[in-house]
Amino acid sequence: VSHQMRRLEEALGQELFVRVGRGIVLTDAGRTFARAVTASLRSIADAAEHLGEMNEPGGPLTIACPPMFANTWLAKHLNDFCNVHPSIECHIRLVDNRLVPEIPDIDVGIAFGSGGWADRRSALLARVNVTPVCSPQLFEQLGGAMTHPSDVRHSRLLHWDDGSEWRRWLAKAGIPEVEKQARHLYCSDLAMAIDLSIHGTGLALVSDPLSSIAFKRGLLIKPFPTAIDAVGGWYTITTMAGERRSGTMLFQRWLLDRFR
């Protein structure tokens with residue numbers, strides 16, 4: 001080893017070690033060289049791990065998302081991903097939407113927002129516009145009376161927020177006064193608001209990505225075409241290191257294909 005160390009010093013033209021008693025310590029040049037070599041070895045190890053994962057994409061994949069996305073979209077589609085990639089073991093973690101970008105020990109996060117989270121990579125899945133929906137049964141119970149946006153006053157407005165979204169929709173439809181004329185029901189989860197709408201409880205404001213299956217099955221209809229921007233979109237979120245894992249890449253690619 002000492003012979004190889006001397007050859008390295010000769011090649012570099014620098015003294016890397018000095019003897020202190022029976023041991024050796026790094027010189028300033030040695031410490032500089034050691035930092036560069038350590039970083040290079042770490043990059044090589046990361047590349048080797050990445051290549052290994054590309055050959056063997058199996059193993060656990062931790063996905064974090066809010067309940068509204070998990071219940072209205074992910075639960076209805078994840079089986080397709082699991083069937084295509086049986087060696088990947090999905091772990092779903094339900095968290096508050098605003099906390100998804102902050103969780104350190106996940107592979108992929110899915111959250112609603114504007115993107116650009118600090119120290120995270122994000123990819124847009126879908127911009128979101130919301131439109132009033134109701135069940136066909138509710139529409140029939142009202143005798144087909146919903147022919148004009150102001151007719152929402154005959155039903156119950158379902159809210160998953162403080163009512164701001166419905167107020168914006170009523171303002172865009174030119175009928176802000178209807179807020180005081182209609183009945184209201186508030187819940188803290190959009191998935192529940194959609195379920196309430198499916199069961200005829202009232203009208204909810206929802207987006208196509210989260211309610212497409214309900215439309216296809218005839219569980220929901222859109223009585224009016226007026227839509228508003230939900231001020232944001234659905235994004236995937238990864239760490240800079242985690243995005244290189246093969247399981248993460250496969251899941252992101254699958255999500256992006258689904259939302260195209």
Run the side chain to side chain contact (heavy atoms under 4.5 Å, CB included) check on M192 and W160 step by step: do they pass? CA-CA 8 Å; M192 183 176 180; W160 69 279; over 6 Å; no

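- At a threshold of 4.0 Å, the pair R93-D107 does not count as salt-bridged, since none of the basic side-chain nitrogens sits closer than that to a carboxylate oxygen.
- No more than 12 heavy-atom neighbours from other residues, nucleotides or ligands sit within 6.0 angstrom of CZ on R121.
- Summarising the geometry of Y235 relative to G113, their closest heavy-atom pair is CE1-O, 3.3 Å, with the distance given to 0.1 Å.
- Here the side chain of D151 pairs a donor or acceptor atom with the backbone of H148 at under 3.5 angstrom.
- Nearest heavy-atom pair across V152 and A182 is O-CB, 4.3 Å.
- Here the two rings, on F259 and W234, have centers that are 6.0 Å apart or farther.
- Look at D229 and K172 and you find no salt bridge, because none of the NZ, NE, NH1 or NH2 atoms lies under 4.0 Å from a carboxylate O.
- Taking CG of L185 as the start and CG of L203 as the end, the distance is 12.0 Å to the nearest 0.5 Å.
- Put simply, the side chain of S197 gets close to the backbone of V133: a donor and an acceptor are under 3.5 Å apart.
- Under the 4.5 Å side-chain criterion, counting only non-hydrogen atoms from C-beta, C134 is not in contact with S155.
- In this structure, the side chains of F69 and P209 stay at 4.5 Å or more apart for every pair of heavy atoms.
- Atoms CG and CD1, from L138 and I221 in turn, are 8.5 Å apart once rounded to the nearest 0.5 Å.
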Show your working on side chain to side chain contact (heavy atoms under 4.5 Å, CB included) between Y186 and D162 and close with a plain yes or no. CA-CA 8 Å; Y186 296 83; D162 63 357; 5.7 Å; no

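- A donor atom on one side chain and an acceptor atom on the other are not found under 3.5 Å apart for T248 and E243.
- Using a distance-only test at 3.5 Å, with no hydrogens or angles considered, no donor-acceptor pair links the side chain of R245 to the main chain of L61.
- Put simply, the side chain of D257 reaches to within 4.5 Å of the side chain of R260, judged on heavy atoms.
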Dump the intermediate steps for side chain to side chain contact (heavy atoms under 4.5 Å, CB included) on I63 and C90, then the final yes or no. CA-CA 7 Å; I63 305 161; C90 294; 4.2 Å; yes

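- Checking side-chain atoms of R153 against main-chain N and O of S150 turns up a donor-acceptor pair under 3.5 Å.
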What do the steps show when you test T32 against D28 for side chain to side chain contact (heavy atoms under 4.5 Å, CB included), and what is the final call? CA-CA 6 Å; T32 300; D28 288 343; 5.6 Å; no

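- No option in I228, L170, L157, V231 other than I228 meets the side-chain contact (heavy atoms from CB on, under 4.5 Å) test with E165.
- In the hydrophobic clustering of this structure, L210 groups with W254; members are Ile, Leu, Val, Met, Phe, Trp, Tyr whose side-chain heavy atoms approach within less than 4.5 Å, directly or through other members.
- Using modelled atom types, no side-chain atom of W73 and backbone atom of S212 make a donor-acceptor pair closer than 3.5 Å.
- Judged by distance alone, the side chain of N97 and the main-chain N or O of P66 form no donor-acceptor pair under 3.5 Å.
- Counting non-hydrogen atoms of neighbouring residues, nucleotides and ligands closer than 6.0 angstrom, the CZ atom of R19 reaches no more than 12 such neighbours.
- Here the side chain of T27 pairs a donor or acceptor atom with the backbone of E15 at under 3.5 angstrom.
- Two residues are said to be in side-chain contact when any heavy atoms from C-beta on lie closer than 4.5 Å; L125 and L255 meet this criterion.
- Looking at every heavy atom in both residues, S135 comes nearest to L220 through N-CD2, 4.1 Å.
- L78 and I106 fall into different hydrophobic clusters, where Ile, Leu, Val, Met, Phe, Trp and Tyr residues are linked whenever their side-chain heavy atoms come under 4.5 Å apart, directly or through other members.
- Here the closest heavy-atom approach between residue A193 and residue A204 is recorded as O-CB, 3.9 Å.
- Using modelled atom types and a 3.5 Å distance limit, the side chains of R167 and S164 yield a donor-acceptor pair.
- Here the closest non-hydrogen pair linking G109 and V100 is CA-CG1, 3.7 Å.
- Remark: N71 CG to L94 CG distance equals 6.5 Å, nearest 0.5 Å.
- One hydrophobic cluster holds both L205 and M68 under the rule that ILVMFWY side chains link at heavy-atom gaps under 4.5 Å.
- In the hydrophobic cluster analysis, where Ile, Leu, Val, Met, Phe, Trp and Tyr join through side-chain heavy atoms closer than 4.5 angstrom, V130 is grouped apart from I213.
- Classified by interplanar angle (parallel below 30°, tilted 30° to 60°, perpendicular above 60°), the ring pair H159/W166 is perpendicular.
- Using a 4.5 Å heavy-atom cutoff, the side chains of V37 and L41 are in contact.
- Taking CD1 from I237 and CD from E102, the interatomic distance works out to 10.0 Å, rounded to the nearest 0.5 Å.
- With no hydrogens or angles considered, no side-chain donor-acceptor pair links H199 and T201 at under 3.5 Å.
- The heavy-atom pair separating Q252 from A123 by the smallest distance is NE2-CB, 4.4 Å.
- L124 is not listed as a side-chain neighbour of L256, based on a closest heavy-atom distance of 4.5 Å or more.
- No side-chain heavy atom of T238 sits less than 4.5 Å from a side-chain heavy atom of R120.
- Side-chain atoms of R31 come within 3.5 Å of backbone atoms of L26 as a donor-acceptor pair (strictly under, hydrogens ignored).
- Considering CZ of R253 and CG of L250, their distance stands at 5.5 Å, rounded to 0.5 Å.
- Between H85 and F81, the ring center distance clears the sub-6.0 Å criterion.
- Counting heavy-atom neighbours within 6.0 Å of D105 CG, excluding the residue itself, gives a total above 12.
- Annotation: side chain of C65 is in contact with side chain of L74 (closest heavy-atom distance under 4.5 Å).
- L219 CG to I198 CD1: the interatomic distance, rounded to the nearest 0.5 Å, is 5.0 Å.
- Hydrophobic clustering of Ile, Leu, Val, Met, Phe, Trp and Tyr side chains at less than 4.5 Å, counting indirect connections, keeps L99 apart from I110.
- Put simply, the side chain of E9 gets close to the backbone of L16: a donor and an acceptor are under 3.5 Å apart.
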